[in-house]
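All chains are named by letter (A, B, ...) in the order of the sequence lines, taking the proteins before the strands, and each is independently numbered beginning at 1. Atoms considered below: every heavy atom in the structure, side chains included; atoms not considered: hydrogens, waters and symmetry mates.
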Protein chains: 2
Amino acid sequence: MRPSIKQVAHLAGVSIATVSRLLNKPGSVSAETAEKIHRSIAELGFRPNFTGRNLRAGNSRTVGVVVPTLSNTVFAQCLQGIELAARALDYSVMFTTTEYLPEEETAAVELLLGHRVDGMILTVADASANATLDLLERERIPFVLAYNQLGTDQTAAPARASVSVDNRAAACDAVAHLIGLGHRRIQMLSGRFNASDRAMQRYYGYLDAMRAAGLAPMAVIEVERHTLTAAADYQQMMADPRQRPTALFCSNDLLAMSAMRDLRALGMKVPNDISVMGFDGIPVGALMEPVLASVVQPSEQIGEVALRVLVEAIERNASAAAAAAPDLALSASWLRHILPHAVRSGGSVALPATGVDC
Amino acid sequence: MRPSIKQVAHLAGVSIATVSRLLNKPGSVSAETAEKIHRSIAELGFRPNFTGRNLRAGNSRTVGVVVPTLSNTVFAQCLQGIELAARALDYSVMFTTTEYLPEEETAAVELLLGHRVDGMILTVADASANATLDLLERERIPFVLAYNQLGTDQTAAPARASVSVDNRAAACDAVAHLIGLGHRRIQMLSGRFNASDRAMQRYYGYLDAMRAAGLAPMAVIEVERHTLTAAADYQQMMADPRQRPTALFCSNDLLAMSAMRDLRALGMKVPNDISVMGFDGIPVGALMEPVLASVVQPSEQIGEVALRVLVEAIERNASAAAAAAPDLALSASWLRHILPHAVRSGGSVALPATGVDC
DNA sequence: CTGAAAGCGCTAACAA
DNA sequence: TTGTTAGCGCTTTCAG
């Protein structure tokens with residue numbers, strides 16, 4: 001077995017309490033004793049066992065993260081942001097994916113609860129009416145949603161925290177950008193709404209922009225994640241030359257990039273025949289030619305902020321428990337974190353082809 | 001505090017040992033007792049505390065992962081593969097990044113050791129002569145390298161495991177592909193060798209291919225990760241029309257994509273003026289136009305295999321300890337795992353422009 | 001400034 | 001089949 005505080009104490013000729021004290025508040029141990037202990041630690045290659053510490057302390061300085069997938073750069077970036085911020089605050093990260101399956105969310109959370117993480121950051125399919133979040137609430141463990149955006153109309157009871165961009169406004173800006181260019185028939189292509197409440201918000205944003213401009217929204221096309229197996233959707237979409245959209249607004253960049261690929265395969269040119277706009281602003285989009293126009297959301301920062309908000313809640317919780325104060329870990333002023341978005345223009349959008357329009 | 005096995009036992013009117021037994025081998029408890037206990041568990045919302053279990057058992061069913069970054073899809077995919085495989089085997093994942101800084105590697109490993117993970121998967125800057133790996137060895141904790149490729153010439157002592165493609169052969173295949181197309185002046189662009197031993201292997205592969213074809217290798221250009229701040233390198237590279245390369249082989253796809261962007265900015269057309277080939281085969285490369293030619297490595301599978309090899313080592317270790325057998329966790333037949341690579345052709349490479357050649 | 005002792009939640013002998 | 005008990009590594013009163 002690995003050396004424990006016990007062997008160190010024995011070798012140094014002191015009690016385990018003294019060793020522990022040296023490890024935690026070095027000031028409370030005499031210089032010579034400290035010296036002896038340090039030598040023993042080095043000699044034995046002792047390394048404190050967090051498991052013991054956690055068991056005793058009742059906290060783990062570990063946060064759990066639950067995201068749909070790491071295949072989408074957006075979540076990878078977010079996780080990166082979380083990890084960086086966590087390390088800076090001396091927290092560790094344990095993570096799981098759900099593969100976009102709502103039923104996996106509960107299992108993921110249960111597992112993390114078993115590990116006694118101090119809090120969780122998660123991106124769920126649908127943040128409203130989510131049994132998993134209710135569970136978290138019952139367990140009274142702090143959590144912060146990332147990407148999921150909570151409404152202002154939160155019903156009294158659960159005061160939840162979220163970190164995201166304003167998806168609806170961001171989508172609205174994107175579509176307004178297209179409209180500003182002269183597009184009137186703008187089609188939205190979206191990931192499944194039931195796998196992403198963000199997609200739904202973005203659809204509302206699309207509607208807002210269309211209506212604000214007095215344009216008729218087109219029926220949204222929902223597709224499976226990242227790829228359109230059948231070109232049938234496009235065929236149909238582009239069937240009637242008089243009705244075909246001049247621009248496509250996609251609920252995420254991967255979708256936009258797949259769409260561009262598929263459109264090319266059908267012999268259409270972007271942006272000459274049709275403009276394409278994405279959402280997310282993933283870095284590779286800016287490397288393509290044409291550059292993918294998109295709404296940039298600060299994914300890494302979303303992760304970073306989510307972690308900081310979470311840790312704040314955790315530590316407030318801890319002191320509150322100590323002071324027997326009310327444990328409303330996440331005070332009202334901290335609930336909805338809306339980070340800024342930015343429309344990134346790019347060669348994938350252009351003026352609508354002349355003569356095609358009404 | 002959260003309910004413990006103790007409260008459950010009390011409420012069910014049994015001893016804690018019985019509850020523990022029910023949790024571990026349900027068969028050893030009578031039906032009616034089980035029934036009572038189950039009810040208490042449900043009533044209290046009891047959830048076993050892994051911390052207690054881990055402390056007692058001396059293992060955590062958790063693996064640690066250390067990768068340079070999650071900004072590069074390659075590592076995100078790998079981590080995804082690890083997590084999926086881990087979940088299937090009922091292991092959890094704790095992870096950290098090093099930002100490509102070798103000095104962070106040790107800190108990351110120390111942290112994970114503190115958590116008493118059962119094993120680690122890591123991608124280090126340089127797998128040969130790495131102090132961090134030596135530390136892991138001293139601590140006698142199983143670990144598997146991902147992407148880092150161990151040579152066949154391993155010196156006797158440390159029998160280490162790695163999972164990767166054959167970087168050298170893969171790069172050689174890629175360059176041979178370019179040569180097959182008629183290219184003779186092929187320039188390699190690489191990430192810093194001291195941040196990635198893979199890049200070095202790939203450079204050897206480049207040399208192999210060039211020499212095999214009787215061509216003169218050009219001096220490699222090393223650049224900072226993912227981006228070329230100054231276009232100066234390109235200017236110089238393309239300065240002399242009689243000496244300029246007709247093809248560029250990049251040590252990774254992100255680099256290739258940035259290079260294409262930079263070349264475009266300089267007014268050069270890919271592949272007409274110059275062919276570009278990457279390495280990694282990241283999914284977005286196939287969505288671009290032109291499609292990025294590359295060597296595809298199965299990143300997610302690398303993660304999956306790494307995890308399986310690791311768990312095998314962990315469990316072999318456990319039984320070995322029990323049987324007081326030799327603890328050579330990673331037996332020779334399992335050391336170097338070379339997964340298949342594949343050259344993906346794409347529009348970013350073409351025949352060299354006629355008249356440009358010798 | 002230091003030590004003795006209790007206990008965090010759990011498992012595994014050993015007894016009954 | 002069930003209970004008693006010791007102890008995993010650590011922190012933290014409480015005494016001295």
Practice prompt. Any chance you could lay out the side-chain hydrogen bond (donor to acceptor under 3.5 Å, both in side chains) test for A:His115 and A:Thr62, step after step, and finish with the verdict?
Written response: CA-CA 9 Å; A:His115 280 289; A:Thr62 298; over 6 Å; no

Worksheet item: Out of curiosity, A:Gln77 CD to B:Ser71 OG, how far, rounded to the nearest 0.5 Å?
Response: 4.0 Å

Discussion item. Between the side chains of A:Arg87 and A:Glu83, is the shortest nitrogen-to-carboxylate-oxygen separation below 4.0 Å, so that they form an ion pair?
Written reply: yes

Worksheet entry | Distance in angstrom units between B:Lys6 NZ and C:dC8 C1', rounded | 9 Å

Discussion item. Quick check on DNA chain D: between B:Leu55 and B:Ala34, whose nearest nucleotide comes earlier from the 5' end?
Written reply: B:Ala34

Worksheet item: Over how many whole Å does the gap from A:Ile37 atom CD1 to C:dC1 atom C1' extend?
Response: 11 Å

Worksheet item: Looking at B:Glu35 and B:Arg39, does any basic side-chain N land under 4.0 Å from a carboxylate oxygen?
Response: yes

Short heteroatom pairs, N/O only, protein and nucleotides 12-16 of chain C, under 3.5 Å:
unit_1, atom_1, unit_2, atom_2, d
C:dA12, O4', B:Arg56, NH2, 3.3

Worksheet item: Roughly how many Å is it from CD in A:Glu35 to C1' in C:dC1, rounded to a whole number?
Response: 17 Å

Fill in: A:Arg336 side chain to A:Leu150 backbone, donor-acceptor under 3.5 Å
yes

Worksheet item: Where does the chain B footprint on DNA chain D start and end, counting 5' to 3' with a 4.0 Å heavy-atom cut-off?
Response: D:dT1 to D:dG9

Worksheet item: Under 3.5 Å, side chain of A:Ser60 to main-chain N/O of A:Asn54, donor-acceptor pair present?
Response: no

Item to complete: Quick one: label B:Val19 by what it contacts on the DNA or RNA (base, sugar-phosphate, nothing), any heavy atom closer than 4.0 Å.
Response: nothing

Practice prompt. Would you indicate whether A:Glu32, at its atom CD, is surrounded by more than 12 heavy atoms from other residues, nucleotides or ligands within a distance under 6.0 Å?
Written response: no

Worksheet item: Does B:Ser4 have a side-chain nitrogen or oxygen under 4.0 Å from the phosphate oxygens OP1 or OP2 of C:dC8?
Response: no

